[in-house]
Amino acid sequence: MSDLTPDPEAKISVRGLTMAYGSFVVMTDLNFDIREKDIFIIMGGSGCGKSTLLRQMIGLMEPKKGEVFYNGASFTAAQDAERMAFIRRFGVMYQTGALWSSMTLAENITMPLEEHTELKPKEILDLARYKLALVGLSGYEDYYPDQVSGGMNKRAGIARALALDPEVLFLDEPGAGLDPLSSQRLDELILRLRDSLGSTFVIVTHELASIFAIANNSVFLDTVTRTQGATGDPKHLRDDSTNEAVRLFLNRGETTDTATTS
Amino acid sequence: MPRRKETANIPKAVWKGDSGKTALEISGDWKLGVQPEISGEGDVGWPDTFVTDRLGTFDSTLPAYLLRKVREVGIESPPLDGLREDLRGLMELALKVPERGDAKSRNEDLHSITRLGMKSSKKWLSLMSFLEFTGDTVLAILRFAVGKAGFRARDFWLTVQECGVNALPIVALISFLIGMILAFVGNVQLASFGASLYIADLVGIAMVREMGVMMTAIIMSGRTGAAFAAHIGSMNANQEIDALKTFGFNPFDFLVLPRLFALVLMMPLLTIYANVIGILGGMLVAAGVGIPPKLFLTEMLTIVDLTQGSLGVIKSVFFGVAIAIAGCYHGMRSGSSSAAVGEATTRAVVSSITVIIILDSAFAVIFTFLEI
């Protein structure tokens with residue numbers, strides 16, 4: 001069995017995590033560390049449990065076994081108020097944006113600010129306008145989510161995730177459904193935010209271009225063995241991983257080894 | 001020197017203007033909730049240069065402040081010379097896509113007459129689209145009659161179960177109580193004339209002509225009509241209806257017809273059931289004031305004949321059509337957000353109850369003319 005104590009240096013440590021829906025086990029024995037300012041990718045084939053892992057890390061689902069640690073403190077064991085203090089430092093963007101449809105884009109961002117800060121309405125509005133400007137949505141403050149496109153919904157979802165200047169940002173498939181330019185802009189946004197705000201990013205994605213452009217750490221979930229295939233910098237994993245499934249995935253199914261031997 | 005350090009950490013923005021050139025000096029740690037000290041801010045416009053040597057850490061408050069200044073001054077691409085690299089990066093990012101200015105809350109400054117006109121024409125259009133929907137329903141029924149409209153039999157039977165069998169307990173409870181209430185209220189008046197026996201006639205007539213069908217219709221519009229609207233509305237929101245269309249299904253035949261048929265089939269049955277239960281309720285109360293059930297039944301049947309008994313059942317068919325059409329109509333026309341689905345549900349219930357009352361009044365007039 002693996003060592004179940006967290007790495008004191010790591011921002012987030014996952015130890016011995018087993019995920020299951022009832023008796024159906026999705027993944028077993030996941031162990032990885034995410035350092036501060038990492039852009040960490042959770043990758044793997046469709047249906048391998050990437051989003052499930054994310055949900056377990058932010059407390060929307062409880063792990064069957066194992067623990068998640070933030071700054072060395074156990075999130076899994078934390079209860080109520082203590083857990084809220086953890087969650088307060090997260091920003092989450094959901095796969096479909098999940099904006100509140102009865103509120104405008106600006107209100108979607110101001111609501112958490114009104115709840116969690118003592119700022120004046122004017123200052124809150126300035127912050128909301130700035131967050132929307134960051135994701136390229138200046139001037140869309142008074143639109144409702146169903147009045148703008150799917151990609152805009154997604155970007156507004158990121159702006160909302162940024163609302164409280166979180167330490168850790170979780171993005172579930174941020175690039176899916178975006179055109180290449182928007183997707184590239186998003187990558188740039190993520191890098192900029194990491195550099196200037198010092199945020200840590202945990203991103204679920206399987207878009208290789210994005211992965212190689214931004215990531216410096218990752219975990220690969222292997223559907224066949226039902227555990228992690230490898231963890232580390234995806235650029236190294238692509239060329240040097242000992243796990244063939246990881247290399248196949250990162251090379252879009254064309255590994256140089258298999259090409260030469262066959 | 002801890003004291004000095006503390007003062008150095010207060011977020012400050014100092015606007016300096018000398019010899020035609022303006023500079024903005026930003027210093028300290030900018031943090032959410034710490035009020036920055038801003039001085040020299042006037043109508044100097046956007047500064048030509050920035051001084052950020054003494055800037056510590058910052059969060060979103062600082063770029064949010066700068067962005068507000070940009071918007072106030074109203075320049076598209078302001079010079080950012082002298083800004084520290086990380087701050088400059090964020091500002092460039094925020095300014096990369098120009099503000100879209102043409103379309104902020106479009107209804108803001110319209111004349112009140114214009115608004116009245118817009119409201120009225122909207123009402124007119126929604127009445128038209130409701131009539132159109134009703135017409136479409138008739139056409140769909142005709143298509144079905146000649147065998148050209150199809151839906152899954154399973155959908156039909158599921159709806160039958162949902163709006164028939166599953167509604168029995170609540171219909172029974174409400175009708176039983178209504179029957180009892182009628183008997184109690186009637187007894188108070190009739191007893192003073194020594195005519196308590198006529199409770200039987202009162203409960204019988206009131207239940208079979210009005211209360212049985214009315215209560216059933218109101219329960220069904222709250223229960224089933226709302227469910228139709230919510231189900232079809234969320235299908236619409238999920239693009240499920242689009243998916244039906246692209247596979248060549250007529251969403252009308254597929255969604256509206258089974259619901260309409262199921263409700264029209266079940267409403268008369270539920271009404272008969274409600275009538276019987278209501279009369280039982282009245283009978284119980286009558287037994288309590290000394291009228292034996294057998295006498296109650298004999299007295300009631302002198303006035304409640306098959307003609308009287310059929311009136312409520314006839315009405316129930318029309319009420320069923322009204323509930324099904326209102327539910328499906330508001331579901332189909334629902335917007336695509338989750339709030340819109342809720343609104344569609346509310347509208348379905350309100351409009352079906354309104355239509356039921358209007359229809360009932362019309363029937364009252366017709367039956368009076370026919371002297372039934």
Side-chain angles (χ1 to χ4, degrees), chain A residues 96 98-104 106 109 113 116-120 122-148 150 152-153 155 159 162-167 181-182 185-186 188-199, chain B residues 11 30-36 38 55 57-72 74 76 83-108 233-234 236-239 334-343:
Chain A
T96 53
L99 295 173
W100 298 302
S101 56
S102 55
M103 297 178 212
T104 62
I109 300 166
L113 285 166
H116 291 292
T117 66
E118 311 276 296
L119 301 175
K120 293 193 219 72
K122 177 106 180 46
E123 294 167 332
I124 289 182
L125 193 65
D126 277 346
L127 284 171
R129 287 166 62 94
Y130 161 64
K131 308 274 154 144
L132 282 172
L134 272 184
V135 296
L137 287 174
S138 280
Y140 286 95
E141 284 81 4
D142 294 326
Y143 281 74
Y144 284 90
D146 59 350
Q147 293 172 324
V148 298
M152 287 175 172
N153 262 293
R155 270 142 60 196
L162 288 170
L164 297 169
D165 286 341
E167 289 171 26
L181 282 179
S182 305
R185 223 185 102 76
L186 194 66
E188 193 191 330
L189 172 71
I190 291 168
L191 288 170
R192 279 253 160 91
L193 290 173
R194 193 267 310 261
D195 293 342
S196 59
L197 302 176
S199 316
Chain B
W30 289 64
K31 237 182 102 191
L32 214 64
V34 181
Q35 197 62 40
I38 295 163
L55 175 62
T57 57
F58 66 91
D59 62 13
S60 297
T61 38
L62 177 54
Y65 168 71
L66 290 177
L67 189 72
R68 193 185 77 212
K69 296 310 286 182
V70 175
R71 299 291 185 233
E72 276 173 15
E76 280 260 313
L83 273 185
R84 207 169 71 192
E85 198 46 47
D86 48 357
L87 179 57
R88 190 191 168 112
L90 282 174
M91 286 307 292
E92 277 170 358
L93 202 63
L95 294 166
K96 200 166 176 182
V97 177
E99 185 174 29
R100 184 188 162 119
D102 55 327
K104 279 189 207 165
S105 18
R106 287 141 290 181
N107 296 350
E108 232 164 38
S234 49
N236 196 10
N238 277 339
Q239 296 188 306
S334 150
S336 56
S337 68
S338 46
V341 174
E343 203 177 301

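Here is how names work: the chains are called A, B, and so on, in the same order as the sequence lines, proteins then strands, and each is numbered from 1. Values in this document were obtained by computation on a predicted structure and should not be read as measured data.
For a residue to count as touching a neighbouring chain, one of its non-hydrogen atoms must lie under 4.5 Å from one of that chain's; by this rule A:L189 touches chain B with backbone and side chain alike. For A:D126, the parts lying near chain B are the backbone and the side chain together; criterion is any non-hydrogen pair under 4.5 Å. Contacts of B:R84 with chain A are absent, with no heavy-atom separation under 4.5 Å from either backbone or side chain.
Here B:S60 is the residue among B:S338, B:S337, B:S60 with the most heavy-atom pairs under 4.5 Å with chain A. Listed options B:L90, B:D86, B:L95, B:D59 were ranked by heavy-atom pairs under 4.5 angstrom with chain A; first place goes to B:L90. Most heavy-atom pairs under 4.5 Å with chain B: of the set A:D146, A:L193, A:D165, this distinction falls to A:D165. Each of A:T117, A:L119, A:L134 has some count of heavy-atom pairs under 4.5 Å with chain B, and the biggest count is that of A:L134.
Considering only heavy atoms from C-beta on, A:Y130 stays 4.5 Å or farther from B:T61 through its side chain. At least one side-chain heavy atom of A:E123 sits under 4.5 Å from a side-chain heavy atom of B:Q35.
With sequence neighbours excluded, no residue forms a salt bridge (Lys or Arg N to Asp or Glu O under 4.0 Å) with B:K31. Every residue two or more places apart in sequence or in another chain that forms a ring-ring contact (aromatic ring centres under 6.0 Å, His included) with B:Y65 is listed here: B:W30.
The distance from atom CZ of A:R185 to atom CG of B:L93, rounded to the nearest 0.5 Å, is 5.5 Å. With values rounded to the nearest 0.5 angstrom, A:E118 atom CD is found 10.5 Å from B:L32 atom CG.
When all heavy atoms of A:S138 and B:A94 are compared, the closest pair comes out as OG-O, 4.4 Å. For A:R192 against B:G89, the heavy-atom pair with the smallest separation is NH1-O, 3.3 Å.
Between A:E188 and B:K96, at least one side-chain N (NZ, or NE/NH1/NH2) sits under 4.0 Å from a carboxylate O, which counts as a salt bridge.
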